[in-house]
Structures are given as structure tokens and as C-alpha cells.
Amino acid sequence: MKKNHIEFVLTILLMTIGAACGQNTRETTKTSASTAASPTSTQSCAPLETRPANAPEQKPAFPGQTRACAVNSNVAFDVTVLAKGLDRPWAVEPLPNGDFLITEKPGRLRIISAKGEVGEPIGGLLPVGQGGVSAASGQGGLPPITARGQGGLLDVALSPNFERDRTIFWSFSEQRTGGSGTSVARGRLTEDRRNLEQVRVIFRAMPTYNNGLHFGSRLAFGPDGKLYITLGDRFDRPNRPKVQQLDNHLGKIIRINPDGSAPEDNPFAKQQGAMPEIWTLGHRNLQSAAFDEQGRLWTVEHGARGGDELNLIEKGKNYGWAVVSYGEEYSGEPLAGAVTRRKGYEDPVYYWDPVIAPSGAQFYTGNAFPAWRGNLFIGGLASQRLVRLAIRDNRVIGEEHLLTDRGQRIRDVRQGPDGALYVVTDETNGELWKITPKR
Ligand SMILES: [Ca+2]
Ligand SMILES: [Ca+2]
């Protein structure tokens, strides 16, 4: 049989399977077959990524682990700029009434109304220093945020009972003895939503370190009611071995109760010398965490050059950094002593070489865009785009890049109660965008 004929037969087969599954039947790949139905088949579609790889000698563990098929959902949408002039917004968190909580990295938390009216900074958060502790930091007895480098006020998440308890959780880089560390605090919005009360820090990543890099940190509540926190490796090479050790929080995913205590069923809770909050280890810097409709946690992490990766997170597992990883040093040197696969370490579900520089993620579940249901959306910082992944059977079966014409770093993406997608851009004149079906 000629190749074209084989591809034609494969296409019909895949279309039939796709229709039977009722999934992604609206996807159109640029050529014929995807790797979806048969993970062992040779990828014969046109991949979205065509630029040279930084580490071309590294081979994927399975077909489709990188350079997935380009797909086009043929969805027409409008982008409305709801708000401008935000100062490096890091998180957009939709409120049940259609408004939004927005964090700005220098240390402000605001409410933006559904129509885009930008509220005054909410009081009582925590005082903020630029690269250190401001005069205001010493007042009130609350720990200061240090807004140095990648640090500052980072993510915000609503309590699972927000409509009853008005409680929110936020992550920030905290100035402490010996440097800074990622911390998580909780507090209750006053009824008028102008202030926070009953503020207390419930988690402090240890040890501290004196730089402004790789703090993580997304917050996501699981269906189990636990708070999951992603933490970075603090970048510098002397910290890397700590990522593989359980006596510290660097490069870990953390799982805590809403009061900050460690659940007894955490994988290392009873292991001597291990931090009881650890859920998984071996991560580099994660700024994306999202639960899917089945209640499974997925994260996307900043890898080294050519090593950004998507992982499906499972209790107690080791995701490899910095001994098992794709990619190379920013200098172009190989990662010292690292391999791309090893027994006992998790393969990423997907990796990008070149990277997207991921931040913020959301599985789409709404009604506004039926063609996007089940897809994972990921913000791209350096790549200045919104990445859409079609996923089936724990494999990426298609990739599309959206909003590439706007030239802005995308820091976070969330789905609102109206089914629209909301995006904030990591700029000093940052924006909040609303993505709706084209009118
Ligand atoms: Ca958030
Ligand atoms: Ca990994």
C-alpha cells in the first residue's frame, strides 16, 4: 500500500474512533493521523512546533510526548480588555458573583468587577517591601512580602466554602531570617470586601534562601478539600540536591489542610526526617496547577532550556529534577549527571523544547466553548501566548497556540462562572482579558 493510502485508512479509522468516543471530533489536524488511537504508531501529523530543539539528541519516551499534532478547534472568539494598568498581575481568581480577585506582584490584592471596574487595594493583606522590608512592614506584626525578582504577592485561591466563609488563601515570598521563602496565608474578606481580617500564615516553605528566584507557587484546592501548593527549587545549583531530599520543601508539591496542618495520609507524614506536608518531589519551578474533571491534579513546570513539562501528579511520586529531566542548562551545557528517563522517576506526560515558559493553567469545563471542553489551557510568559492542549487517555493529542498576535506575557488563565476564559498579562501595564464566543 502506498503511504497516502495508509494515511487515508488511518484517518477514517481515527475519525470513527473519535466519533465513537464523542471527544474532539471537531478537532482538525493539519494532515491525517494523530497518535491518539495508537500510542505506539509513528506520529504522522504535522507538529505545531517546527523550530529546532535545544537538545535534539534527547528522544521522547513515547510518541506524542513532545511536538504534538497541530490542531485547530475552529473556534471564533472575541477578546475584551476588561482592565488595564495593572502592575504585574500574577493571578486572576473568579468570584462566584462574576467579579474577580486579582493579585499584583508588588503586593496588592484588588477586586475587579465583572464590568472591569478596578477596585482599591484590599487592606490588611500584608505590608510589602521592594527587595526587602519596607518601613510599613514592621507595623502590625504581620510578616512582610518581599517583591524581589520573581517574588512578591503571587497566587490567590478561594476557600471551597467561600460563599459561606469569605475566606481566601494567598501565596507570597516572605522576607525571613536567612533570606526569603514561599509562604501561604489565609484571611477572611470583610463583608464590604475592603479589608482582610483574621489573617495568619499557615505554611512556610523551608529553608529560606537569599535570592529572588523560583518561588513557585500556584494554589489549588482538590476535591478532597486539601490545599495543594507548588514550590520552586530556588534556582541556584547548590539548592538542586535538596529537590531530591525529603527534609525540605524546595521543588515539592505540598498538600495541607486549610488550617495549615499536614494530613495524616500524606505519603511521608510518618517518615522520620521528612517534611510531612510533601505530596510529590523532584520539581523545578511550577507556576501552573489545575484539577481536571476527574479530580486529578496536573501541573506544568518551568524546565531548564528545552525542558518545560506537563505532569500528572500522583501521591508520593518523584518527578525527577535535577537527576532525570529533559532539557539543558541555559548555557547550553548538558544537565550534569542527568538522564531523560530512569526507573522510579515519572516521565512527563508532555514536554516542550523550545519552551513555552508556563504560568497558570485551567481545564475548560464550561458551556460557552463546547469544542474546548476537557482541554487544558496554559499561559505562556516568554512565548507570549495561550497554549491549548487536547488530552486523551493521559496523552497530549493536539496543541494549538492562541492570542499570539497580542505580544503580551500571559501569567494566569481561569474559567469564570459564565464559562468565559479570563487571562491576566505579566506586564507593568498588565491587562485582564475576557474571552467569549464571537458575537
Ligand atoms: Ca489562583
Ligand atoms: Ca520531570
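Whatever order the structure lists ligands and atoms in, that order sets their numbers, starting from 1.
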Can you list every salt bridge (Lys or Arg N to Asp or Glu O under 4.0 Å) pair that touches residues 283-299, not counting sequence neighbours?
Asp292-Arg296

Contact flag Val156/the Ca ion (ligand 1), N/O/S atoms, threshold under 3.0 Å
yes

Lys/Arg N to Asp/Glu carboxylate O, Asp87 vs Arg110, below 4.0 Å
no

Could you check whether Arg188 pairs with Asp165 (Lys NZ or Arg NE/NH1/NH2 to Asp/Glu carboxylate O, under 4.0 Å)?
no

Tell me whether Gln272 at atom CD has more than 12 heavy atoms from other residues, nucleotides or ligands lying less than 6.0 Å away.
no

Can you tell me which N/O/S atom of Glu309 has the shortest distance to the Ca ion (ligand 2)?
OE2

Output field for angle at the Ca ion (ligand 1), Asp155.OD1 vs Glu93.OE1, rounded to 10°, should show 140°

At less than 3.0 Å, would any N/O/S atom of Tyr319, backbone or side chain, sit next to the Ca ion (ligand 2)?
yes

